[in-house]
Number of protein chains: 2
Amino acid sequence: MSLEYAILGFLNYHPYTGYDLKKIFDTSIRHFWPADQSQIYRTLSRLTENGWAEMEKIPQEDRPDRKVYHITDAGRAELMQWLSGPPPMGEPRSAPLIQIFFAGQLSDEALIAKFEGFAAIMRAILAQYDQIPGQLGPYQDEITSPREHFFWLLTLENGIANMRSNLEWAESIVERIKNGHLPPQ
Amino acid sequence: MSLEYAILGFLNYHPYTGYDLKKIFDTSIRHFWPADQSQIYRTLSRLTENGWAEMEKIPQEDRPDRKVYHITDAGRAELMQWLSGPPPMGEPRSAPLIQIFFAGQLSDEALIAKFEGFAAIMRAILAQYDQIPGQLGPYQDEITSPREHFFWLLTLENGIANMRSNLEWAESIVERIKNGHLPPQ
DNA sequence: ATACAATATAAGACTTAGCATATATAGGAA
DNA sequence: TTCCTATATATGCTAAGTCTTATATTGTAT
(Lines give C-alpha, C1' and ligand atoms only; values in the text may rest on other atoms or scores of the structure.)
Protein backbone atom coordinates (compact mmCIF):
# COMPACT_ATOMS: atom_id res chain seq x y z
CA MET A 1 0.00 0.00 0.00
CA SER A 2 2.94 2.33 0.63
CA LEU A 3 3.58 2.89 -3.06
CA GLU A 4 -0.05 3.94 -3.57
CA TYR A 5 0.34 6.72 -1.03
CA ALA A 6 3.74 7.80 -2.29
CA ILE A 7 2.25 8.26 -5.77
CA LEU A 8 -0.83 10.00 -4.37
CA GLY A 9 1.51 12.31 -2.49
CA PHE A 10 3.24 13.39 -5.70
CA LEU A 11 0.00 13.65 -7.68
CA ASN A 12 -1.23 15.95 -4.93
CA TYR A 13 1.54 18.38 -5.92
CA HIS A 14 1.00 18.15 -9.67
CA PRO A 15 -0.45 15.83 -12.36
CA TYR A 16 2.12 13.38 -13.72
CA THR A 17 2.59 10.46 -16.09
CA GLY A 18 4.06 7.13 -14.99
CA TYR A 19 7.22 8.10 -16.80
CA ASP A 20 7.48 11.37 -14.85
CA LEU A 21 6.87 9.57 -11.59
CA LYS A 22 9.63 7.06 -12.21
CA LYS A 23 12.12 9.89 -12.63
CA ILE A 24 10.78 11.77 -9.62
CA PHE A 25 11.06 8.65 -7.47
CA ASP A 26 14.63 8.05 -8.57
CA THR A 27 15.68 11.57 -7.63
CA SER A 28 13.76 12.04 -4.39
CA ILE A 29 12.52 9.11 -2.29
CA ARG A 30 14.62 6.37 -3.84
CA HIS A 31 16.84 6.33 -0.76
CA PHE A 32 14.03 4.93 1.36
CA TRP A 33 11.53 3.60 -1.19
CA PRO A 34 12.83 2.54 -4.61
CA ALA A 35 10.11 1.85 -7.15
CA ASP A 36 10.12 -0.29 -10.25
CA GLN A 37 8.73 1.21 -13.47
CA SER A 38 6.22 -1.61 -14.00
CA GLN A 39 5.13 -1.32 -10.40
CA ILE A 40 4.41 2.39 -10.83
CA TYR A 41 2.26 1.83 -13.93
CA ARG A 42 0.31 -0.96 -12.26
CA THR A 43 -0.26 1.15 -9.17
CA LEU A 44 -1.51 4.08 -11.27
CA SER A 45 -4.11 1.73 -12.78
CA ARG A 46 -5.16 0.68 -9.31
CA LEU A 47 -5.44 4.28 -8.11
CA THR A 48 -7.74 4.95 -11.07
CA GLU A 49 -9.87 1.89 -10.30
CA ASN A 50 -10.17 3.10 -6.69
CA GLY A 51 -11.34 6.52 -7.87
CA TRP A 52 -8.34 8.23 -6.26
CA ALA A 53 -6.90 9.42 -9.57
CA GLU A 54 -8.19 10.19 -13.05
CA MET A 55 -6.37 9.61 -16.30
CA GLU A 56 -6.16 12.23 -19.02
CA LYS A 57 -4.95 10.93 -22.38
CA ILE A 58 -2.72 13.30 -24.31
CA PRO A 59 -2.19 12.09 -27.90
CA GLN A 60 1.28 12.17 -29.41
CA GLU A 61 2.67 11.25 -32.79
CA ASP A 62 5.45 8.71 -33.12
CA ARG A 63 5.24 7.85 -29.42
CA PRO A 64 2.75 6.19 -27.08
CA ASP A 65 0.12 8.66 -25.88
CA ARG A 66 0.99 10.32 -22.59
CA LYS A 67 -1.36 9.34 -19.78
CA VAL A 68 -1.41 12.15 -17.28
CA TYR A 69 -2.88 11.22 -13.91
CA HIS A 70 -4.73 13.79 -11.77
CA ILE A 71 -5.57 13.26 -8.11
CA THR A 72 -9.32 13.34 -7.33
CA ASP A 73 -11.06 14.79 -4.29
CA ALA A 74 -11.49 11.26 -3.00
CA GLY A 75 -7.78 10.64 -3.53
CA ARG A 76 -6.87 13.82 -1.68
CA ALA A 77 -9.15 12.84 1.21
CA GLU A 78 -7.62 9.36 1.32
CA LEU A 79 -4.10 10.78 1.32
CA MET A 80 -4.87 13.22 4.13
CA GLN A 81 -6.40 10.47 6.21
CA TRP A 82 -3.37 8.25 5.71
CA LEU A 83 -0.98 11.09 6.56
CA SER A 84 -2.95 11.82 9.72
CA GLY A 85 -2.92 8.18 10.79
CA PRO A 86 -0.26 6.23 12.69
CA PRO A 87 3.15 5.57 11.11
CA PRO A 88 2.91 2.43 8.90
CA MET A 89 5.68 0.63 10.77
CA GLY A 90 5.98 -2.76 9.07
CA GLU A 91 8.22 -5.60 10.18
CA PRO A 92 11.96 -4.97 10.43
CA ARG A 93 14.02 -6.90 7.88
CA SER A 94 17.80 -6.87 7.71
CA ALA A 95 19.49 -9.62 5.70
CA PRO A 96 22.98 -8.45 6.73
CA LEU A 97 22.12 -9.08 10.37
CA ILE A 98 21.36 -12.71 9.50
CA GLN A 99 24.92 -13.00 8.29
CA ILE A 100 26.22 -11.38 11.48
CA PHE A 101 24.09 -13.62 13.68
CA PHE A 102 25.81 -16.73 12.31
CA ALA A 103 29.20 -15.13 11.72
CA GLY A 104 30.77 -16.92 14.69
CA GLN A 105 31.55 -19.70 12.20
CA LEU A 106 34.19 -17.47 10.60
CA SER A 107 37.76 -16.94 11.77
CA ASP A 108 38.72 -13.85 13.75
CA GLU A 109 40.66 -12.46 10.77
CA ALA A 110 37.73 -13.00 8.42
CA LEU A 111 35.49 -11.24 10.94
CA ILE A 112 37.68 -8.17 11.12
CA ALA A 113 37.60 -7.98 7.33
CA LYS A 114 33.84 -8.45 7.34
CA PHE A 115 33.11 -5.61 9.75
CA GLU A 116 35.65 -3.34 8.08
CA GLY A 117 33.91 -4.08 4.78
CA PHE A 118 30.58 -3.32 6.38
CA ALA A 119 31.91 0.01 7.65
CA ALA A 120 33.19 0.81 4.15
CA ILE A 121 29.73 0.19 2.69
CA MET A 122 28.19 2.52 5.28
CA ARG A 123 30.70 5.23 4.41
CA ALA A 124 29.92 4.83 0.71
CA ILE A 125 26.19 5.19 1.37
CA LEU A 126 26.84 8.28 3.50
CA ALA A 127 28.82 9.75 0.61
CA GLN A 128 25.85 9.08 -1.70
CA TYR A 129 23.49 10.89 0.65
CA ASP A 130 25.57 14.03 0.27
CA GLN A 131 24.66 14.16 -3.41
CA ILE A 132 20.92 13.67 -3.14
CA PRO A 133 19.28 17.01 -2.23
CA GLY A 134 18.29 19.46 -4.90
CA GLN A 135 18.54 17.50 -8.12
CA LEU A 136 14.87 17.21 -9.05
CA GLY A 137 15.69 18.54 -12.48
CA PRO A 138 12.67 19.61 -14.56
CA TYR A 139 10.26 18.88 -11.69
CA GLN A 140 12.01 21.21 -9.24
CA ASP A 141 9.52 24.10 -9.37
CA GLU A 142 6.41 21.95 -9.10
CA ILE A 143 7.43 20.18 -5.95
CA THR A 144 9.92 21.90 -3.72
CA SER A 145 8.20 24.60 -1.68
CA PRO A 146 10.19 25.46 1.47
CA ARG A 147 7.90 23.37 3.65
CA GLU A 148 8.09 20.35 1.33
CA HIS A 149 11.84 20.75 1.12
CA PHE A 150 12.08 20.76 4.91
CA PHE A 151 10.46 17.32 5.09
CA TRP A 152 12.55 16.00 2.27
CA LEU A 153 15.63 16.99 4.27
CA LEU A 154 14.20 15.28 7.34
CA THR A 155 14.05 11.95 5.50
CA LEU A 156 17.67 12.45 4.46
CA GLU A 157 18.64 13.26 8.02
CA ASN A 158 17.03 10.04 9.14
CA GLY A 159 18.99 7.99 6.62
CA ILE A 160 22.21 9.71 7.58
CA ALA A 161 21.59 9.21 11.29
CA ASN A 162 20.93 5.50 10.77
CA MET A 163 23.97 5.01 8.56
CA ARG A 164 26.15 6.78 11.10
CA SER A 165 24.90 4.59 13.89
CA ASN A 166 25.58 1.49 11.78
CA LEU A 167 29.05 2.78 10.99
CA GLU A 168 29.88 3.39 14.65
CA TRP A 169 28.51 -0.04 15.49
CA ALA A 170 30.74 -1.75 12.91
CA GLU A 171 33.80 0.23 13.94
CA SER A 172 33.30 -0.56 17.60
CA ILE A 173 33.12 -4.27 16.78
CA VAL A 174 36.42 -4.15 14.91
CA GLU A 175 37.94 -2.50 17.98
CA ARG A 176 36.57 -5.13 20.29
CA ILE A 177 37.76 -8.02 18.17
CA LYS A 178 41.24 -6.50 17.93
CA ASN A 179 41.24 -6.08 21.70
CA GLY A 180 40.46 -9.75 22.22
CA HIS A 181 36.88 -9.41 23.43
CA LEU A 182 35.57 -12.08 21.05
CA PRO A 183 35.08 -15.54 22.63
CA PRO A 184 37.15 -18.20 20.76
CA GLN A 185 35.64 -20.85 18.51
CA MET B 1 17.14 -16.28 -0.16
CA SER B 2 17.85 -14.84 3.30
CA LEU B 3 15.46 -17.23 5.00
CA GLU B 4 17.26 -20.21 3.44
CA TYR B 5 20.52 -19.15 5.04
CA ALA B 6 18.96 -18.32 8.37
CA ILE B 7 17.51 -21.84 8.53
CA LEU B 8 20.78 -23.38 7.34
CA GLY B 9 22.52 -21.44 10.11
CA PHE B 10 20.32 -22.98 12.78
CA LEU B 11 20.46 -26.49 11.27
CA ASN B 12 24.24 -26.14 11.40
CA TYR B 13 23.93 -25.96 15.19
CA HIS B 14 21.50 -28.84 15.56
CA PRO B 15 18.86 -30.80 13.59
CA TYR B 16 15.38 -29.32 13.93
CA THR B 17 11.80 -29.65 12.74
CA GLY B 18 9.88 -26.80 11.14
CA TYR B 19 7.97 -26.45 14.37
CA ASP B 20 11.18 -26.08 16.38
CA LEU B 21 12.52 -23.53 13.93
CA LYS B 22 9.42 -21.38 14.17
CA LYS B 23 9.87 -21.12 17.92
CA ILE B 24 13.60 -20.50 17.63
CA PHE B 25 13.00 -17.71 15.11
CA ASP B 26 10.42 -16.09 17.34
CA THR B 27 12.80 -16.01 20.28
CA SER B 28 16.05 -15.07 18.57
CA ILE B 29 16.15 -13.34 15.18
CA ARG B 30 12.56 -12.16 15.05
CA HIS B 31 13.70 -8.59 15.76
CA PHE B 32 15.41 -8.37 12.37
CA TRP B 33 13.89 -11.25 10.35
CA PRO B 34 10.42 -12.46 11.33
CA ALA B 35 9.40 -15.70 9.63
CA ASP B 36 5.99 -17.11 8.89
CA GLN B 37 5.31 -20.76 9.75
CA SER B 38 4.22 -21.71 6.23
CA GLN B 39 7.27 -19.94 4.83
CA ILE B 40 9.58 -21.99 7.05
CA TYR B 41 8.04 -25.29 5.94
CA ARG B 42 8.24 -24.36 2.27
CA THR B 43 11.85 -23.26 2.64
CA LEU B 44 12.75 -26.55 4.35
CA SER B 45 11.36 -28.40 1.32
CA ARG B 46 13.47 -26.23 -0.94
CA LEU B 47 16.61 -26.85 1.12
CA THR B 48 15.98 -30.58 0.76
CA GLU B 49 15.49 -30.26 -3.01
CA ASN B 50 18.77 -28.35 -3.21
CA GLY B 51 20.56 -31.11 -1.33
CA TRP B 52 21.48 -28.74 1.50
CA ALA B 53 19.40 -30.58 4.10
CA GLU B 54 18.06 -34.08 4.61
CA MET B 55 14.78 -35.04 6.21
CA GLU B 56 14.47 -37.74 8.84
CA LYS B 57 10.94 -38.91 9.54
CA ILE B 58 10.21 -39.73 13.17
CA PRO B 59 6.82 -41.48 13.50
CA GLN B 60 4.46 -40.40 16.26
CA GLU B 61 1.08 -41.59 17.36
CA ASP B 62 -1.88 -39.21 17.51
CA ARG B 63 0.14 -36.43 15.88
CA PRO B 64 1.74 -35.74 12.51
CA ASP B 65 5.13 -37.42 12.19
CA ARG B 66 8.00 -35.16 13.13
CA LYS B 67 10.25 -34.30 10.21
CA VAL B 68 13.68 -33.56 11.56
CA TYR B 69 15.97 -31.77 9.11
CA HIS B 70 19.74 -32.33 9.16
CA ILE B 71 22.21 -30.10 7.36
CA THR B 72 24.31 -31.91 4.71
CA ASP B 73 27.97 -31.36 3.83
CA ALA B 74 26.84 -29.47 0.75
CA GLY B 75 24.59 -27.32 2.93
CA ARG B 76 27.39 -26.59 5.34
CA ALA B 77 29.67 -25.61 2.46
CA GLU B 78 26.97 -23.37 0.99
CA LEU B 79 26.42 -21.70 4.36
CA MET B 80 30.12 -21.07 4.89
CA GLN B 81 30.46 -19.58 1.43
CA TRP B 82 27.51 -17.27 2.02
CA LEU B 83 28.84 -16.20 5.42
CA SER B 84 32.23 -15.46 3.85
CA GLY B 85 30.68 -13.40 1.05
CA PRO B 86 29.65 -9.75 1.00
CA PRO B 87 26.79 -8.50 3.22
CA PRO B 88 23.46 -9.10 1.38
CA MET B 89 22.48 -5.44 1.53
CA GLY B 90 19.09 -5.24 -0.23
CA GLU B 91 17.20 -2.06 -0.99
CA PRO B 92 16.21 0.21 1.91
CA ARG B 93 12.47 0.37 2.54
CA SER B 94 10.84 2.58 5.14
CA ALA B 95 7.11 3.19 4.82
CA PRO B 96 7.09 5.65 7.76
CA LEU B 97 9.50 7.91 5.86
CA ILE B 98 6.98 8.11 3.00
CA GLN B 99 4.54 9.56 5.48
CA ILE B 100 7.15 12.03 6.72
CA PHE B 101 8.10 13.04 3.20
CA PHE B 102 4.56 14.24 2.50
CA ALA B 103 3.77 15.36 6.04
CA GLY B 104 4.01 19.06 5.13
CA GLN B 105 0.29 18.77 4.32
CA LEU B 106 -0.47 18.48 8.03
CA SER B 107 -0.82 21.34 10.51
CA ASP B 108 2.03 22.23 12.85
CA GLU B 109 0.10 20.86 15.83
CA ALA B 110 -0.60 17.57 14.05
CA LEU B 111 3.07 17.35 13.18
CA ILE B 112 4.22 17.75 16.77
CA ALA B 113 1.81 14.98 17.75
CA LYS B 114 3.08 12.80 14.89
CA PHE B 115 6.74 13.06 15.83
CA GLU B 116 6.00 12.65 19.51
CA GLY B 117 4.04 9.52 18.61
CA PHE B 118 6.95 8.32 16.54
CA ALA B 119 9.31 8.86 19.47
CA ALA B 120 6.93 6.91 21.72
CA ILE B 121 6.99 3.96 19.31
CA MET B 122 10.79 4.00 19.29
CA ARG B 123 10.85 4.00 23.10
CA ALA B 124 8.45 1.06 23.17
CA ILE B 125 10.64 -0.91 20.76
CA LEU B 126 13.71 -0.12 22.85
CA ALA B 127 11.88 -1.44 25.90
CA GLN B 128 11.13 -4.66 23.99
CA TYR B 129 14.79 -5.12 23.09
CA ASP B 130 15.65 -5.20 26.78
CA GLN B 131 13.62 -8.37 27.15
CA ILE B 132 14.99 -10.36 24.23
CA PRO B 133 18.32 -11.92 25.25
CA GLY B 134 18.43 -15.26 27.00
CA GLN B 135 14.94 -16.64 26.54
CA LEU B 136 15.66 -19.46 24.07
CA GLY B 137 13.86 -21.85 26.39
CA PRO B 138 14.37 -25.55 25.58
CA TYR B 139 16.82 -24.77 22.77
CA GLN B 140 19.18 -22.78 24.99
CA ASP B 141 21.89 -25.44 25.37
CA GLU B 142 22.03 -26.42 21.72
CA ILE B 143 22.64 -22.93 20.43
CA THR B 144 24.18 -20.47 22.79
CA SER B 145 27.92 -21.04 23.01
CA PRO B 146 29.73 -17.90 24.22
CA ARG B 147 30.85 -17.06 20.68
CA GLU B 148 27.35 -17.51 19.25
CA HIS B 149 25.93 -15.49 22.08
CA PHE B 150 28.39 -12.68 21.35
CA PHE B 151 27.05 -12.34 17.79
CA TRP B 152 23.46 -12.56 18.95
CA LEU B 153 24.18 -9.61 21.23
CA LEU B 154 25.76 -7.71 18.34
CA THR B 155 22.52 -7.93 16.35
CA LEU B 156 20.66 -6.61 19.37
CA GLU B 157 23.17 -3.78 19.75
CA ASN B 158 22.58 -2.86 16.13
CA GLY B 159 18.83 -2.69 16.62
CA ILE B 160 19.21 -0.61 19.76
CA ALA B 161 21.65 1.78 18.09
CA ASN B 162 19.27 2.31 15.18
CA MET B 163 16.24 2.82 17.41
CA ARG B 164 18.15 5.32 19.53
CA SER B 165 19.19 7.29 16.48
CA ASN B 166 15.57 7.30 15.26
CA LEU B 167 14.43 8.45 18.68
CA GLU B 168 16.92 11.32 18.79
CA TRP B 169 15.93 12.28 15.26
CA ALA B 170 12.23 12.45 16.17
CA GLU B 171 12.89 14.37 19.37
CA SER B 172 15.06 16.92 17.61
CA ILE B 173 12.29 17.53 15.08
CA VAL B 174 9.76 18.23 17.83
CA GLU B 175 12.23 20.72 19.27
CA ARG B 176 12.71 22.42 15.95
CA ILE B 177 9.01 22.70 15.23
CA LYS B 178 8.37 24.14 18.69
CA ASN B 179 11.16 26.65 18.08
CA GLY B 180 9.55 27.83 14.87
CA HIS B 181 12.03 26.33 12.41
CA LEU B 182 9.31 24.79 10.23
CA PRO B 183 8.41 26.82 7.11
CA PRO B 184 4.68 27.72 7.09
CA GLN B 185 2.12 26.13 4.77
C1' DA C 1 -18.83 -27.64 29.60
C1' DT C 2 -16.47 -25.24 26.46
C1' DA C 3 -12.94 -22.90 24.62
C1' DC C 4 -8.19 -22.27 24.01
C1' DA C 5 -3.21 -23.49 23.74
C1' DA C 6 0.33 -26.79 22.49
C1' DT C 7 2.11 -30.20 19.26
C1' DA C 8 3.05 -30.92 14.06
C1' DT C 9 2.63 -30.33 9.08
C1' DA C 10 0.67 -28.57 4.73
C1' DA C 11 -1.54 -26.17 0.86
C1' DG C 12 -4.30 -22.61 -1.48
C1' DA C 13 -5.00 -17.75 -2.42
C1' DC C 14 -3.25 -13.40 -2.52
C1' DT C 15 -0.06 -9.19 -2.47
C1' DT C 16 4.11 -6.82 -3.38
C1' DA C 17 7.96 -6.39 -5.78
C1' DG C 18 11.47 -7.40 -9.33
C1' DC C 19 13.21 -8.78 -13.85
C1' DA C 20 12.82 -9.27 -18.63
C1' DT C 21 10.89 -8.13 -22.74
C1' DA C 22 7.91 -5.79 -26.28
C1' DT C 23 6.59 -1.74 -29.08
C1' DA C 24 8.04 2.57 -31.72
C1' DT C 25 10.80 6.58 -33.07
C1' DA C 26 14.40 10.18 -32.86
C1' DG C 27 18.89 11.74 -32.00
C1' DG C 28 23.66 11.47 -30.69
C1' DA C 29 27.96 8.80 -29.97
C1' DA C 30 31.57 5.49 -31.42
C1' DT D 1 26.83 1.80 -39.41
C1' DT D 2 25.64 0.34 -35.22
C1' DC D 3 24.63 1.05 -30.71
C1' DC D 4 22.94 3.52 -26.90
C1' DT D 5 19.80 6.87 -24.74
C1' DA D 6 15.49 9.28 -24.27
C1' DT D 7 10.55 9.19 -24.64
C1' DA D 8 6.23 6.37 -23.16
C1' DT D 9 3.45 2.40 -21.82
C1' DA D 10 2.44 -2.48 -20.99
C1' DT D 11 2.56 -7.50 -20.04
C1' DG D 12 4.32 -12.07 -18.54
C1' DC D 13 6.71 -14.55 -15.22
C1' DT D 14 8.81 -15.40 -10.90
C1' DA D 15 10.16 -14.90 -6.00
C1' DA D 16 9.11 -13.90 -1.34
C1' DG D 17 6.16 -13.31 2.10
C1' DT D 18 1.34 -13.13 4.45
C1' DC D 19 -3.11 -14.91 5.72
C1' DT D 20 -6.34 -18.50 6.13
C1' DT D 21 -7.72 -22.93 6.68
C1' DA D 22 -7.25 -28.01 7.30
C1' DT D 23 -6.09 -32.15 10.09
C1' DA D 24 -5.77 -34.52 14.79
C1' DT D 25 -5.11 -35.10 19.75
C1' DT D 26 -3.99 -33.85 24.55
C1' DG D 27 -4.11 -30.94 28.36
C1' DT D 28 -5.31 -26.67 30.76
C1' DA D 29 -8.04 -22.76 31.95
C1' DT D 30 -12.53 -20.45 32.69
Side-chain angles (χ1 to χ4, degrees), chain A residues 1-8 15-27 29-30 32-50 53 55-69 88-95 98 137-139, chain B residues 1-8 15-27 29-30 32-50 53 55-69 88-95 98 137-139:
Chain A
M1 311 265 299
S2 302
L3 186 59
E4 287 183 27
Y5 292 103
I7 290 177
L8 269 187
Y16 288 115
T17 67
Y19 192 80
D20 292 331
L21 286 166
K22 172 59 176 160
K23 288 201 287 186
I24 291 171
F25 267 72
D26 285 350
T27 46
I29 70 176
R30 208 220 112 88
F32 58 86
W33 202 276
D36 190 74
Q37 172 258 119
S38 60
Q39 193 70 12
I40 289 173
Y41 281 103
R42 276 191 251 259
T43 305
L44 281 169
S45 303
R46 191 145 25 104
L47 291 179
T48 309
E49 281 169 37
N50 292 353
M55 193 254 285
E56 177 196 5
K57 205 175 247 172
I58 298 184
Q60 295 195 124
E61 293 155 18
D62 307 336
R63 288 186 194 168
D65 295 348
R66 301 180 81 225
K67 295 186 174 176
V68 179
Y69 289 85
M89 295 304 296
E91 298 284 2
R93 286 201 180 277
S94 169
I98 298 178
Y139 307 101
Chain B
M1 310 263 298
S2 303
L3 186 59
E4 287 182 27
Y5 292 103
I7 291 178
L8 269 187
Y16 287 116
T17 68
Y19 191 81
D20 292 331
L21 285 166
K22 173 61 176 158
K23 288 202 287 187
I24 290 171
F25 266 72
D26 286 348
T27 45
I29 70 176
R30 208 220 112 88
F32 57 87
W33 202 275
D36 189 76
Q37 172 258 121
S38 61
Q39 193 70 12
I40 290 173
Y41 280 103
R42 276 191 252 259
T43 304
L44 281 169
S45 303
R46 191 147 25 107
L47 290 179
T48 309
E49 280 169 37
N50 291 353
M55 193 253 285
E56 177 197 6
K57 206 174 244 172
I58 298 185
Q60 295 195 125
E61 293 153 16
D62 308 336
R63 284 184 199 172
D65 295 348
R66 301 181 83 225
K67 295 187 173 177
V68 179
Y69 290 84
M89 295 304 296
E91 299 284 2
R93 286 203 179 275
S94 169
I98 297 179
Y139 307 100

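Proteins come first, then strands; the chains are lettered A, B, ... in the order of their sequence lines, and each starts at number 1.
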Q.
Tell me the bend of the helix from dA1(C)-dT30(D) to dA30(C)-dT1(D) as the angle between end helix axes, each from five pairs, rounded to the nearest 10 degrees.
A. 20°
**Q.** N/O (side chain, K22(B)) to phosphate O (OP1/OP2, dT9(C)) under 4.0 Å
**A.** no
Give the table of side-chain donor-acceptor pairs shorter than 3.5 Å for residues 37-44 of chain A, with sequence neighbours excluded, one pair per line with atom names and distance.
residue	atom	partner	partner atom	Å
S38(A)	OG	D36(A)	OD2	2.5
Y41(A)	OH	Y19(A)	N	3.3
T43(A)	OG1	Q39(A)	O	2.7

Q.
Across nucleotides 15-23 of chain D, 5' to 3', mark each nucleotide with B, S or - according to how protein heavy atoms within less than 4.0 Å reach it.
A. -SBBB----
Q) Can you find a heavy atom in the side chain of Y69(B) that is under 4.5 Å from one in the side chain of L47(B)? A) no
Q | Gap separating the CE atom of M1(A) from the CD1 atom of I98(B), nearest 0.5 angstrom | A | 11.5 Å
Q: Would you tell me if any nitrogen or oxygen in the side chain of Y41(A) comes within less than 4.0 Å of OP1 or OP2 on dT9(D)?
A: yes
(Q) I'd like to know whether CZ of R93(B) has more than 12 heavy-atom contacts from other residues, nucleotides or ligands below 6.0 angstrom. (A) yes
Q. Between D20(B) (CG) and dT9(C) (C1'), how many Å, whole number?
A. 13 Å
Q | Interatomic distance where CZ belongs to R66(A) and C1' belongs to dT9(D) [whole Å] | A | 12 Å
Q.
I want to check something: taking the side chain as every heavy atom from C-beta on, are F25(B) and I7(B) in contact at a cut-off of under 4.5 Å?
A. yes
Q) Can you check whether Y19(B) has a side-chain N or O nearer than 4.0 Å to OP1 or OP2 of dT7(C)? A) yes
Q | Shortest non-hydrogen separation from K57(B) to P59(B) and the atoms involved | A | O-CD, 3.6 Å
Q) Shortest non-hydrogen contact from T17(B) to R66(B)? A) CG2-NH2, 3.7 Å
Q) Considering all heavy atoms of both residues, which atom of P34(B) and which atom of P92(A) are nearest to each other, and what is their separation? A) CD-O, 3.2 Å
Q.
So K23(A), base contact, sugar-phosphate only, or nothing? Heavy-atom distance under 4.0 Å.
A. sugar-phosphate
Q | Atom pair distance, as rounded to whole Å: CE in M89(B) and C1' in dG18(C) | A | 19 Å
Q: Would you kindly give the OH-to-P distance between Y16(B) and dT7(C), to the nearest whole Å?
A: 15 Å
**Q.** Nearest-Å distance for atom pair CZ/C1', residues F32(A) and dA17(C)
**A.** 17 Å
Q) Taking D26(B) for the side chain and K23(B) for the main chain, is one N or O donor matched with an acceptor at less than 3.5 Å? A) no
Q) Rounded to the Å, how far apart are L47(A) CG and dT16(C) P? A) 12 Å
